[in-house]
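In this text, all values refer to a predicted model and were calculated from it rather than measured experimentally. Throughout, a chain's letter reflects where its sequence line sits, starting with A, and its residues are numbered from 1. Atoms considered below: every heavy atom in the structure, side chains included; atoms not considered: hydrogens, waters and symmetry mates.
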There are 2 protein chains.
Amino acid sequence: MITQTLRVYLLKRLSKYIKKLNIKKKTTIKDIANVLNISPAAVSKALHNDPRISEKTKKAVKQVAKNLNYQPNHLASALRKGKSHLVGVIVPRTNSNFFSSVIQNIEEVLNKEGYNIIITQSNESYQKECNNIDTLLFTQVDGIIASMANETIDLSYYEKIKSKGIPLILFDRGENDLNVDYIGIDDYKSSHVIVEHLVNQGCKRIAHIGGYRHTRIFNNRIKGYIDALKKHDLPLDSELLIECSLTTDDGRDKMLQLLRLKNKPDAVYVASDYAALGALQVLKENNIRVPQDIALVGFGNEPFTAMLSPSITSINQHSTEIGKQAAKTFLNYTKKKTVKQALNKIILDAELIVRESSTSKEQ
Amino acid sequence: MITQTLRVYLLKRLSKYIKKLNIKKKTTIKDIANVLNISPAAVSKALHNDPRISEKTKKAVKQVAKNLNYQPNHLASALRKGKSHLVGVIVPRTNSNFFSSVIQNIEEVLNKEGYNIIITQSNESYQKECNNIDTLLFTQVDGIIASMANETIDLSYYEKIKSKGIPLILFDRGENDLNVDYIGIDDYKSSHVIVEHLVNQGCKRIAHIGGYRHTRIFNNRIKGYIDALKKHDLPLDSELLIECSLTTDDGRDKMLQLLRLKNKPDAVYVASDYAALGALQVLKENNIRVPQDIALVGFGNEPFTAMLSPSITSINQHSTEIGKQAAKTFLNYTKKKTVKQALNKIILDAELIVRESSTSKEQ
DNA sequence: AAACTTTGGTTAAACGTTTAACCATTCTAC
DNA sequence: GTAGAATGGTTAAACGTTTAACCAAAGTTT
């Protein structure tokens with residue numbers, strides 16, 4: 001009679017035998033070493049152009065590697081070197097032209113240096129953003145490039161990244177209090193450019209549908225708006241300054257709110273193209289002529305601003321440059337091994353793209 | 001006198017000493033084992049709820065892990081297990097609502113099962129797509145979910161994935177010849193739905209600005225268009241069937257081409273919302289009333305179709321469902337260990353979203 | 001009480017690569 | 001002709017985790 005112990009034992013021997021049969025293994029550095037009768041270490045060095053390996057050996061190794069269709073095991077080298085060559089990217093969402101363009105440029109720069117990126121979306125949710133950070137840390141990324149969700153106020157999670165010694169670079173939506181690298185446009189100045197443009201078009205009562213002040217960029221846009229009004233001797237009317245989440249629906253709501261005023265504005269500067277879209281819909285529904293009755297300016301230069309009629313004047317945020325600079329800032333960390341690094345705050349000048357919604361009020 | 005050899009030797013000893021000084025190491029499974037005076041193996045098993053570890057030990061291990069702020073090293077486990085728990089996603093671009101929504105849903109489903117995704121964009125370029133596949137394979141992804149670039153005709157690169165035994169799931173843009181899982185909508189039927197709708201609105205001369213036939217989905221849309229015309233006893237006029245890349249500029253060009261015809265169409269079915277946008281711009285520039293003079297239907301239900309005036313009728317592609325199904329199809333591979341797996345071809349019914357550009361021709 | 005099972009672990013090897021340390025030759029210079 | 005350097009490698013350990021194989025002690029059958 002076969003006992004339980006014996007049965008288990010036989011089963012194990014069998015499975016071991018079967019395993020030896022299907023030798024579908026991928027080629028490793030060891031295989032190459034065997035073919036050439038050298039050590040695996042020599043192969044590794046040859047593949048990395050180590051000066052202590054002769055040209056002859058290098059050529060041979062590379063040839064055999066090609067023949068055996070060798071693909072280096074990234075996991076093994078990452079484990080050994082303590083570097084994953086992966087960079088995490090966190091954005092509120094990818095389906096905005098700005099973010100997807102930034103991502104594309106980050107990818108372009110980093111790929112050239114042998115880095116890959118992992119993109120995650122927070123959907124503007126603080127919870128999701130924390131999860132994203134966790135999964136990125138779990139995946140052992142070498143760095144994180146992020147733009148914060150609108151909701152995010154508590155920064156302890158970002159501190160977590162810093163405390164692990166992983167480079168963190170923020171762009172567009174970045175909190176200044178976190179002492180960290182940052183790339184973005186000059187929001188304060190952008191507001192000045194917009195107000196100045198509207199004043200030149202003859203506007204005298206300019207409203208601002210902005211984001212919440214706790215987000216630095218929106219705060220800066222608000223401050224710029226206020227200072228620019230002062231500069232042009234326009235009165236600051238608290239009725240005309242509204243904070244919200246800047247969704248399309250918010251744009252609709254807040255525009256309606258402005259239309260209900262006794263003393264209506266003759267121009268509205270909206271801090272996001274999506275909210276500007278909502279505002280435009282409301283204006284059209286109420287048969288208010290844009291720009292003749294009320295001029296409109298958005299922010300972000302999303303492609304759809306050019307598709308609408310009237311097309312919407314907006315601010316171009318230089319996504320290309322922001323993406324490239326963010327990637328380069330990260331690469332600086334990997335190259336210089338200095339522990340303490342000077343912080344990079346790169347502020348780009350934004351550009352006003354003038355379209356129908358704010359031109360030639362007189363005509 | 002200190003010789004070169006001696007100098008090098010001393011330097012090495014020094015660096016070794018320094019290394020021992022800054023012990024900023026992350027906590028590993030070994031540290032936990034040391035604290036509890038058990039073996040690292042026991043810790044690993046405890047963390048994975050192995051039945052051979054007592055509840056008491058498990059609790060202790062988890063407590064210590066939390067205290068020491070233990071983060072498992074994903075690279076090490078991936079190397080050991082031969083699984084990276086990373087899934088590669090390739091899309092033509094992320095800044096389309098369809099793709100970003102698909103991605104979001106893939107991510108949602110996979111994250112729950114402990115998988116992360118790496119998103120790459122091909123920008124509709126075959127070259128870039130090949131590079132993406134290479135980097136994904138290099139990163140040792142456990143599977144690839146892809147939608148092919150318009151340019152892609154040569155499928156040898158995709159064969160490369162299959163030959164490595166890595167699950168490949170295609171969605172939306174997927175070639176049937178590659179014997180591989182696929183999730184998409186019923187393009188053939190969608191064309192029928194569109195043509196039927198236009199006929200119901202009183203259209204009698206329906207043009208189609210489509211994609212190139214070598215992409216399966218565009219071929220199916222063309223076939224559906226042709227068969228639907230036959231079904232409704234409408235003549236098929238080769239002048240009215242145009243193939244192109246379906247960019248916004250293409251939409252403009254091809255619409256102009258249609259307007260130059262002696263016998264103009266009274267409806268245009270465009271196989272992409274972006275091209276439909278170009279077509280609409282041209283129609284408006286030429287003071288052609290939409291839908292009264294020419295009705296217009298797009299494809300993809302991009303958000304901007306609802307923003308324009310007139311808003312564009314379009315086909316909703318069920319991005320949510322496609323993303324979820326794609327992720328689930330991949331997960332099936334990881335769960336069942338059967339070598340040969342039945343191929344999944346999931347074809348979803350598409351939904352026509354009727355808007356201003358094609359309604360009430362009579363009014 | 002002999003024969004086996006169960007419980008709760010331990011040991012050691014393995015994943016594929018990198019790298020510090022070592023070594024045998026050959027070359028160079030005084 | 002011998003101290004030292006240069007050349008072209010080799011050896012072995014390490015990265016952190018998982019897992020097959022083993023084992024001691026306590027419990028259960030017959």
Side-chain angles (χ1 to χ4, degrees), chain A residues 1-9 11-16 19 25-33 36-48 50-58 60-61 65 70-85 138 140, chain B residues 1-17 19-20 25-34 36-48 50-58 60-61 65 70-85 138 140:
Chain A
M1 186 200 161
I2 292 179
T3 67
Q4 170 78 2
T5 322
L6 183 55
R7 209 184 316 146
V8 166
Y9 177 73
L11 230 77
K12 277 182 184 172
R13 296 218 55 93
L14 183 64
S15 82
K16 199 168 185 178
K19 231 174 219 172
K25 281 204 304 184
K26 288 179 181 172
T27 66
T28 75
I29 226 170
K30 244 180 178 170
D31 300 322
I32 301 176
L36 293 171
N37 231 11
I38 56 177
S39 69
V43 175
S44 171
K45 285 178 182 165
L47 290 172
H48 291 86
D50 189 301
R52 314 217 34 131
I53 301 294
S54 70
E55 282 306 318
K56 211 171 79 181
T57 310
K58 279 181 193 168
V61 166
Y70 168 72
Q71 289 265 80
N73 185 326
H74 173 254
L75 293 171
S77 82
L79 173 60
R80 175 60 229 251
K81 297 203 287 195
K83 297 270 153 214
S84 67
H85 273 239
F138 172 71
Q140 316 280 125
Chain B
M1 187 199 161
I2 293 181
T3 67
Q4 171 76 5
T5 324
L6 184 54
R7 210 184 315 146
V8 166
Y9 177 74
L10 285 176
L11 229 77
K12 278 180 183 170
R13 296 217 56 93
L14 184 63
S15 83
K16 199 168 184 179
Y17 181 70
K19 229 174 221 170
K20 274 200 177 158
K25 281 203 305 181
K26 289 179 180 172
T27 65
T28 75
I29 227 171
K30 244 180 177 171
D31 300 322
I32 301 176
N34 284 339
L36 292 171
N37 232 11
I38 57 177
S39 69
V43 175
S44 171
K45 285 178 182 165
L47 290 173
H48 290 88
D50 188 301
R52 311 209 44 122
I53 301 294
S54 70
E55 282 306 319
K56 208 172 80 182
T57 310
K58 279 181 192 167
V61 165
Y70 168 72
Q71 289 265 78
N73 185 327
H74 174 253
L75 293 172
S77 82
L79 173 61
R80 175 61 229 253
K81 296 203 287 196
K83 297 269 154 217
S84 67
H85 273 240
F138 172 71
Q140 316 282 123

Which atom of Lys30(B) lies closest to which atom of Pro40(B), heavy atoms considered: CG-CG, 4.1 Å
Ala33(B) versus Ser39(B), closest heavy-atom pair with distance: CB-C, 3.8 Å
Close side-chain approach of Ile32(A) to Thr27(A), heavy-atom, < 4.5 Å: no
Length of the line joining Phe138(A):CZ and dT17(D):P, which is rounded to integer Å: 10 Å
Atom NZ of Lys83(A): over 12 foreign heavy atoms under 6.0 Å: no
Spacing between Leu75(B) atom CG and dA14(C) atom C1', to the nearest angstrom: 17 Å
Separation of atom CG in Leu79(A) from atom C1' in dT17(D), rounded to whole Å: 8 Å
Shorter than 3.5 Å, N or O on both sides, protein versus nucleotides 25-28 of chain C: list them out with atom names.
none

Aromatic ring pairing His85(A)/His74(A), orientation class (parallel under 30°, perpendicular over 60°, tilted between): perpendicular
For Ile53(B) against Lys45(B), the heavy-atom pair lying closest together: CG1-CB, 3.6 Å
Distance, rounded to the nearest Å, where Leu47(B) contributes CG and dG16(D) contributes C1': 13 Å
For atom CG of Asp50(B) and atom C1' of dA20(D), their distance in whole Å: 12 Å
Verdict with supporting geometry, His48(A) and Asp50(A), side chain to side chain contact (heavy atoms under 4.5 Å, CB included): CA-CA 6 Å; His48(A) 291 86; Asp50(A) 189 301; 5.5 Å; no
Protein-nucleotide distance (Lys26(B), atom NZ; dT17(D), atom C1'), rounded to Å: 15 Å
Exercise: identify the closest heavy-atom pair between Asn73(A) and Leu75(A): OD1-N, 2.8 Å
Euclidean distance, atom NE2 of residue His74(B) to atom C1' of dT17(D) [Å, nearest integer]: 12 Å
Between the protein and nucleotides 9-12 of chain C, which nitrogen or oxygen pairs are less than 3.5 angstrom apart?
residue, atom, partner, partner atom, Å
dG9(C), OP1, Thr57(B), OG1, 3.4
dG9(C), OP2, Ser54(B), N, 3.1
dG9(C), OP2, Ser54(B), OG, 2.5
dG9(C), OP2, Thr57(B), OG1, 2.6
dT10(C), OP1, Ser39(B), N, 3.4
dT10(C), OP2, Ser39(B), N, 3.0
dT10(C), OP2, Ser39(B), OG, 2.5
dT10(C), O4, Lys45(B), NZ, 2.6

Sugar-phosphate, base or nothing in reach of Ser77(A), heavy atoms under 4.0 Å: sugar-phosphate
Spacing between Lys83(A) atom NZ and dG16(C) atom P, to the nearest angstrom: 24 Å
